[in-house]
There are 4 protein chains.
Amino acid sequence: MAPPLTKRQQQAAATAEQLLAAAREVFVTRGYVATTVGAITEAANTAHGTFYLYFRNKEDVFGRLIKDVAAEMYREAQAPWTGDPFEALELAIRGYLGVFAAHGGVWRCLMEGLHQSPVLEAMWLDVRRPFIDRIDHNLASLVAAGSVRELDTTVAAHALGSMVEWFAFTHLVLGMPPAERRSLDEVAHSLTDLWFNAVYGRVDAKGPRSTS
Amino acid sequence: MAPPLTKRQQQAAATAEQLLAAAREVFVTRGYVATTVGAITEAANTAHGTFYLYFRNKEDVFGRLIKDVAAEMYREAQAPWTGDPFEALELAIRGYLGVFAAHGGVWRCLMEGLHQSPVLEAMWLDVRRPFIDRIDHNLASLVAAGSVRELDTTVAAHALGSMVEWFAFTHLVLGMPPAERRSLDEVAHSLTDLWFNAVYGRVDAKGPRSTS
Amino acid sequence: MAPPLTKRQQQAAATAEQLLAAAREVFVTRGYVATTVGAITEAANTAHGTFYLYFRNKEDVFGRLIKDVAAEMYREAQAPWTGDPFEALELAIRGYLGVFAAHGGVWRCLMEGLHQSPVLEAMWLDVRRPFIDRIDHNLASLVAAGSVRELDTTVAAHALGSMVEWFAFTHLVLGMPPAERRSLDEVAHSLTDLWFNAVYGRVDAKGPRSTS
Amino acid sequence: MAPPLTKRQQQAAATAEQLLAAAREVFVTRGYVATTVGAITEAANTAHGTFYLYFRNKEDVFGRLIKDVAAEMYREAQAPWTGDPFEALELAIRGYLGVFAAHGGVWRCLMEGLHQSPVLEAMWLDVRRPFIDRIDHNLASLVAAGSVRELDTTVAAHALGSMVEWFAFTHLVLGMPPAERRSLDEVAHSLTDLWFNAVYGRVDAKGPRSTS
DNA sequence: TATGAATGAGGCTTCATTCAT
DNA sequence: GATGAATGAAGCCTCATTCAT
């Protein structure tokens, strides 16, 4: 099954891995812009030139890292979404926040790199898309089933995704105040509450008075 | 009251203004990282060295710009919030989106610069705070008045603010798809609908199952 | 007579040939300086290191190529030089121009490489020498036979050789204007006319004034 | 008349001159390809970065040098071309050879650089053109006056120019044998003799027999 | 023989910052 | 105040060459 690797190929793979790991390390600690190829090779204990055997440049390594890391993160963040809707949602949001808290450095770097090249921007949007699409799909099912009011599911999916994502970023990565005084569980509960009402709410546009 | 300015001081003030304007221009078109002091002085038609008479470095000018520009933008984005709650909210959100659409370059640069130094990060959070605080305050009033259910108004304020902010950024600045097929008004309406229900919703956690 | 080659030796010879052919190809298309060992091995479909099994470095391969290629070209350019002197000369010159036109890339590279190392310079001069010597020899015969005036045949040989060579290079390789509007035959005729008169001319230094 | 230069401008001009002189020195001794910006600034006793204040890169300095130096050389090589035609021609050729002998290093470098970029190639052709044009023009006058037979003056001008140029290069710069045993005067005389006969010759194409 | 991963020297270019004018 | 020439550190990238497999 596994292609038989020669010793050379193993060596090479190991070097690539070493560089990738070093790159991740350096990116996380110094940020995207401040990271230099020299810093990466130094951390990887390889010659400077070795880097260019495996990557075209900084953007290139970062791109590969994004694909690996971000995909892994969005995956990790996806709870099963079965059983009681509220609980399922809460679990998912809690998972997402957990990932953010655990991989803050990566996330911060990703958010930074995003601005440094159209390629990385596109890459990020690509990695993020499935996450949003999943929300969209779920909302569409609910609307189709008549469980929730008519709504523009695509905009809603992006908006709700953005809510959690940007809240998580500003609080868990940038460390804004509320996060400090509340547990992840409390925050997750609040976010779920908002999301849940935003979706299942029956308040019509003319105001709260008509609420059942 | 105002101390009479000497000719020199007027000159100096004019030069500073010139540099500031040029910096804004350059930051917006090239982005934070790609902007160089040389590009700014060139755009300002001043000598390279003149820059350092007024600013310590790039971070310094940018900091001053943030204070001016971002504050102005968050201010511009604030509708009066009177009359019918839904309409007031919609107006506010619509205003916010409008500002984003109009000043995309500034926002993009702001979001980018944010990641380039702790000082700028703090500055951005400072500029942003009043915007969130205002939401928090409004929510708190509603809760106090019993108009809406009990909720963690601070977390909610951050979450809702994040929702609009990050949605606006990804769509109006990065140009994600939904924005292309919907008018600002439509998007504003959808966001308002979500926000409104999130706040005024009465769906309790155990509820939706019974609504289906 | 020929020592029977082992399988290995055949292999090796084939590889060397492959590299040589690839080198020629690459040199012609990229020029001497721009050619890298990597480009050669890539074109030859061999490992990078294999190159060093057969050549010391770029200069080395190029040297061998010169010997093969340039000698072949100078040979190709030599018409038999029998029969009517003018026609023989014209044929020879026409042949020379033809070779230049056909192998422009090789010449260009040769002329370039020439400047990159004393060794290559000497090599080129060596390859070129027979070509000049032949002219010298022919001129000497003519002088000895009294068919042409006394002249420094060696200088004349170099001068006339240079005339054709450099004209051919500037026009057929660098593409200077006259070449574009004249056929090779026309140019060859003009050159032959000049050469012929230069050699067979009887105009003495004091003469032309009386011809006017 | 002279624009009054401030001290600063004088300084700057001096630096530029320093760099230019250093560049010339380095180019001549190391050749075009082997010359590095670092070597130039070192020779000029300036910081590495200073170079880029005055030139875009190596090609750029070289281009400016060509314009200065080569033009100067072609100019120096132009004798008045009056009085006795043979003597005038001999003088011109002698001057040309003298220039080559004196500025061999520059010429060698020029011939080398020529191959390293289309821009430099074009530049060389431009500098050279007037030299060829002048010959063409003179030949055309002679033909018009009936002093010489009908001939393709343009091709002849290029050919004769090439003869002297390439002979000079191979002998005075590359140091081919004949130059070592003959004085510049002797060589000039031989070249003039060839040129003169090539132009004023009346030998018709069918061979020496019909010569007057 | 052949391979190709690894090395590291070397050249290029940009720019923030200083300082004499 | 304003100028702009000069500096030199810092990053980028390429390649010739070696050597263990």
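Throughout, protein chains are lettered first and strands after them, A, B, ... in sequence-line order, and every chain is numbered starting at 1. Basis for what follows: all heavy atoms, side chains included, without hydrogens, waters or symmetry-related copies.
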Pairwise distance OH(A:Tyr32) to NE2(A:His115) - rounded to 0.5 angstrom: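 Answer rounded to 0.5 Å: 12.5 Å.
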Considering only heavy atoms from C-beta outward, does the side chain of [X] approach that of [Y] to under 4.5 Å?
| X | Y | answer |
| --- | --- | --- |
| C:Thr36 | C:Arg30 | yes |
| C:Leu120 | C:Trp124 | no |
| C:Tyr54 | C:Leu20 | no |
| A:Thr50 | A:Leu19 | yes |

Which residue lies more 5' along DNA chain E, comparing D:Lys7 with C:Thr46 via nearest heavy atoms: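 It is C:Thr46 whose nearest nucleotide is closer to the 5' end.
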Tabulated below should be each protein N or O lying under 3.5 Å from an N or O of nucleotides 13-15 of chain E; please produce it.
| unit_1 | atom_1 | unit_2 | atom_2 | d |
| --- | --- | --- | --- | --- |
| E:dT13 | OP2 | D:Tyr52 | OH | 2.8 |

Residue mapping more 5' on DNA chain F - nearest nucleotide basis, A:Thr35 or D:Thr15: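 Its nearest nucleotide lies further toward 5', so the answer is D:Thr15.
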Distance-minimising heavy-atom pair for C:Ala22 and C:Ile40: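 In terms of heavy atoms, the two residues are closest at CB-O, 3.6 Å.
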Touch class at under 4.0 angstrom, heavy-atom based, for C:Tyr54 against every strand present: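 Sugar-phosphate: the residue C:Tyr54, judged by heavy atoms under 4.0 Å, touches backbone atoms but no base.
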For chain A, the stretch of DNA chain F it reaches, first to last nucleotide, under 4.0 Å of its heavy atoms: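 For DNA chain F, the relevant span reads F:dG11 to F:dT21.
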Side chain B:Gln10, main chain B:Lys7, donor-acceptor under 3.5 Å: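 Checked: no pair found.
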A:Phe51: ring-ring contact (aromatic ring centres under 6.0 Å, His included) partners, not counting sequence neighbours: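 Expected list: A:Phe55.
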Salt bridge (charged side-chain N to carboxylate O under 4.0 Å, His left out) pairs, two or more places apart, involving residues 52-70 of chain D: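 Only D:Asp60-D:Arg64 qualify under salt bridge (charged side-chain N to carboxylate O under 4.0 Å, His left out).
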Pairs meeting criterion salt bridge (charged side-chain N to carboxylate O under 4.0 Å, His left out) with involvement of residues 105-114 of chain A, two or more places apart: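 Output for this query lists A:Arg108-B:Glu121.
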Which nucleotides of DNA chain F pair, in dot-bracket form (Watson-Crick or G-U under 3.5 Å, | meaning another strand): .||||||||||||||||||||
